[in-house]
Amino acid sequence: MLQVSNIRANKEKYIAALAKRNFDAEDIFTRVLQLDETRRSTQSRLDDTLAEANQLSKEIGLLFKTGEHLKAGALKEQSAQLKEASRSLSEELTDAVAKLDQLLYSIPNIPHESVPAGTSEEDNEEIFKAGDIPVLAEGSMPHWELAKKYDIIDFELGNKITGAGFPVYKGKGARMQRALIAYFLDKAATSGYKEYQLPLLVNEASGYGTGQLPDKEGQMYHVTEEDLYLIPTAEVPLTNMFRDQMLSESDLPVTCTGYTPCFRREAGSYGAHVRGLNRLHQFDKVELVRIEKPENSFAALEGMVDHVKELLEELKLPYRILRLCGGDMGFTAALTYDFEVFSTAQDRWLEISSVSNFETFQTNRLKLRYKDKDGNKQLLHTLNGSALALPRVLAGILENYQTPEGIMVPEVLIPYTGFDRID
RNA sequence: GGAGAAAUGGCAGAGCGGUCGAAUGCGGCAGUCUUGAAAACUGUUGAGGGUCACACCUCCGGGGGUUCGAAUCCCUCUUUCUCCGCCA
């Protein structure tokens, strides 16, 4: 959520920046500033009324003490009037605040200056590419066929137990998943991230804190009985651990990681792009979260990019990095780098990581701040990135490492799997 | 699931319906003393809104109520603790 004071100070600049997301902010900013004006003047009238009422109560108290009950009775009537006035003013105030919040919740984050304008993924900017795309032998298959051939992932079984998008990993497939999780967590630990095991259900306040609510309500599974949400990413519980916190300089930066299953409803997709592991309702992911001082956040973002690069290089997967354009970037992000692995058998790129800086967009909602050396309080920056999302990494490994003798295990994973080939 | 008790500032812990944003202790910060540190002593120390700065307003788990006036009384929700039951 943007800060009203920033909108006031940077209105024109923000309008231009939001145009890169194809978001027309002109009118909405005008209404925000008007409502904020209303909010402040109503607040100030309410404060005056309350101040008067407080004063009056003190006087009445004194009069009672000195036994002047008649005078006190007269003042009581005045007090009743003030009470009536403050009641209606506070209704006005609540109303103005609610309208203002609603508007603010509907405005996406301001894109960083390096974000290209654009309307779709076509306009994303490729900034890096590495790894050799293997030349596969005759008869190579997409991962869903490999999964069946070697009996390592069973989609039908998942259909039976739950429904589409909930695969069952079996035998070496299950072991491969566990190996990847352990490998990713170990790498995160080496890079200094503290590991957490987190709740998979979160409350409404957490959903608002990281920005999944109110705008992406349809993305999450909602447990209505308890009013809880299944997490779409570990970002939600990881970041919300720090909601309503005042950190000190020495706490920073905060770096944490966690492995969790992630749940996404993702209604309305179909076809080859959601085949196999390409798009699931439940999948595993190791997530990184950083909380940084504003002046360090973009350097930290580059550091996260380097971390993810290292993973892909060790796994020896061909990948590229995209800088997302305004139209493709998530609602809450100021700058996002997507990592994609080349799926040889499908002949397409698969997104396996998204690394973003949210600047103060989340911390404003989260009320996550720190006290700097001079004792000034300011909002921190939050960042997060997948390192990595498992299913598509697995798809990439299955497809790129397939040979007539079976699927070779990337060398770096062998200590974790205990086998070097799926056959 | 049943029965009781509780929720106050970074922590611990007082608090008669008015002078309580809240005693006291610890911790934090600044200073005195010291070659330096510790100890001791002195001062200072919650958050949000608002203002150029004051003033002023709000906040004692959340929400509602009683009252001229609520941390203090009532209702309700949540959480924690103790006892009983059940249970991986």
Side-chain angles (χ1 to χ4, degrees), chain A residues 1-9 32-101 103-104 197-209 213 222-229 237 240-252 254 261 291 360 362-380:
Chain A
M1 180 161 88
L2 299 179
Q3 296 161 85
V4 176
S5 56
N6 286 345
I7 295 177
R8 199 181 308 122
V32 163
L33 295 178
Q34 274 168 0
L35 270 170
D36 185 55
E37 200 53 50
T38 308
R39 195 210 95 223
R40 281 190 295 167
S41 72
T42 310
Q43 176 84 63
S44 133
R45 280 189 294 152
L46 175 62
D47 286 357
D48 290 347
T49 310
L50 289 174
E52 214 178 314
N54 287 345
Q55 188 54 39
L56 209 53
S57 290
K58 275 182 191 164
E59 285 171 28
I60 293 171
L62 279 175
L63 289 174
F64 270 122
K65 216 164 247 176
T66 53
E68 298 174 79
H69 289 99
L70 264 151
K71 277 190 184 170
L75 290 185
K76 272 196 194 182
E77 272 179 45
Q78 262 191 59
S79 178
Q81 284 171 20
L82 286 173
K83 195 174 182 179
E84 187 51 45
S86 73
R87 192 188 296 270
S88 79
L89 279 170
S90 101
E91 270 170 27
E92 277 179 49
L93 182 64
T94 310
D95 187 54
V97 169
K99 282 184 179 150
L100 182 58
D101 280 349
L103 282 183
L104 289 172
Q197 269 196 36
L198 301 150
L200 306 181
L201 284 164
V202 294
N203 58 30
E204 196 180 35
S206 294
Y208 273 93
L213 295 174
H222 188 189
V223 180
T224 52
E225 189 78 10
E226 322 290 340
D227 201 17
L228 297 172
Y229 295 85
N240 272 283
M241 292 197 288
F242 301 92
R243 173 151 43 91
D244 291 318
Q245 289 236 303
M246 178 77 74
L247 300 178
S248 55
E249 192 113 27
S250 58
D251 297 324
L252 298 167
V254 171
I291 300 169
T360 60
Q362 294 182 325
T363 54
N364 188 30
R365 293 187 185 186
L366 291 162
K367 295 194 174 58
L368 169 53
R369 297 166 303 161
Y370 85 111
K371 242 182 222 172
D372 66 21
K373 285 188 220 66
D374 307 320
N376 298 316
K377 292 151 205 152
Q378 52 175 320
L379 291 172
L380 287 156

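A note on names: the letters A, B, ... follow the listed sequences, proteins ahead of strands, and every chain is numbered from 1.
A:E84 places its CD atom 15 Å from the C1' atom of B:C68, with the value rounded to the nearest Å. When rounded to the nearest whole Å, the span between CG of A:N203 and C1' of B:G62 equals 13 Å. For the pair A:Q245 CD and B:G10 P, the interatomic distance rounds to 11 Å; values are reported in whole Å.
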So which protein N/O to nucleotides 57-61 of chain B N/O distances come out below 3.5 Å?
unit_1, atom_1, unit_2, atom_2, d
B:C57, OP1, A:N54, ND2, 3.1
B:C57, O2', A:D47, OD1, 2.9

List every contact pair, protein side and nucleotides 69-77 of chain B side both N or O, where the distance is under 3.5 Å.
unit_1, atom_1, unit_2, atom_2, d
B:G69, O4', A:S57, OG, 3.3

For nucleotides 43-48 of chain B, list the nitrogen or oxygen atoms of the protein found under 3.5 Å from its nitrogen or oxygen atoms, one pair per line.
unit_1, atom_1, unit_2, atom_2, d
B:A47, OP1, A:K377, NZ, 3.3
B:G48, OP1, A:R369, NH1, 2.1
B:G48, OP1, A:R369, NH2, 3.1
B:G48, OP2, A:K377, NZ, 3.3

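Judged as a side-chain contact (heavy atoms from CB on, under 4.5 Å), and not counting sequence neighbours, A:N54 has no contacts. For A:A205, the side-chain contact (heavy atoms from CB on, under 4.5 Å) partners are A:N203, A:R243, not counting sequence neighbours. Shown here are the ring pair (Phe, Tyr, Trp, His ring centres under 6.0 Å) partners of A:Y229, two or more places apart in sequence or in another chain: A:H222. For A:R369, the side-chain contact (heavy atoms from CB on, under 4.5 Å) partners two or more places apart in sequence, or in a different chain, are A:M246, A:K377, A:L379. Not counting sequence neighbours, the partners of A:D47 by the side chain to side chain donor-acceptor pair (under 3.5 Å) test are A:Q43. Residues passing the salt bridge (charged side-chain N to carboxylate O under 4.0 Å, His left out) test with A:K99, sequence neighbours excluded: A:D95. For the side-chain contact (heavy atoms from CB on, under 4.5 Å) test, residues two or more places apart in sequence or in another chain that qualify with A:Q55 are A:E59. Residues forming a ring pair (Phe, Tyr, Trp, His ring centres under 6.0 Å) with A:F242 (at least two apart in sequence, or on another chain): none.
Residue pairs meeting the salt bridge (charged side-chain N to carboxylate O under 4.0 Å, His left out) criterion with at least one partner in residues 36-45 of chain A, sequence neighbours excluded, are A:R8-A:D36, A:D36-A:R39, A:D36-A:R40, A:E37-A:R40, A:R45-A:E92.
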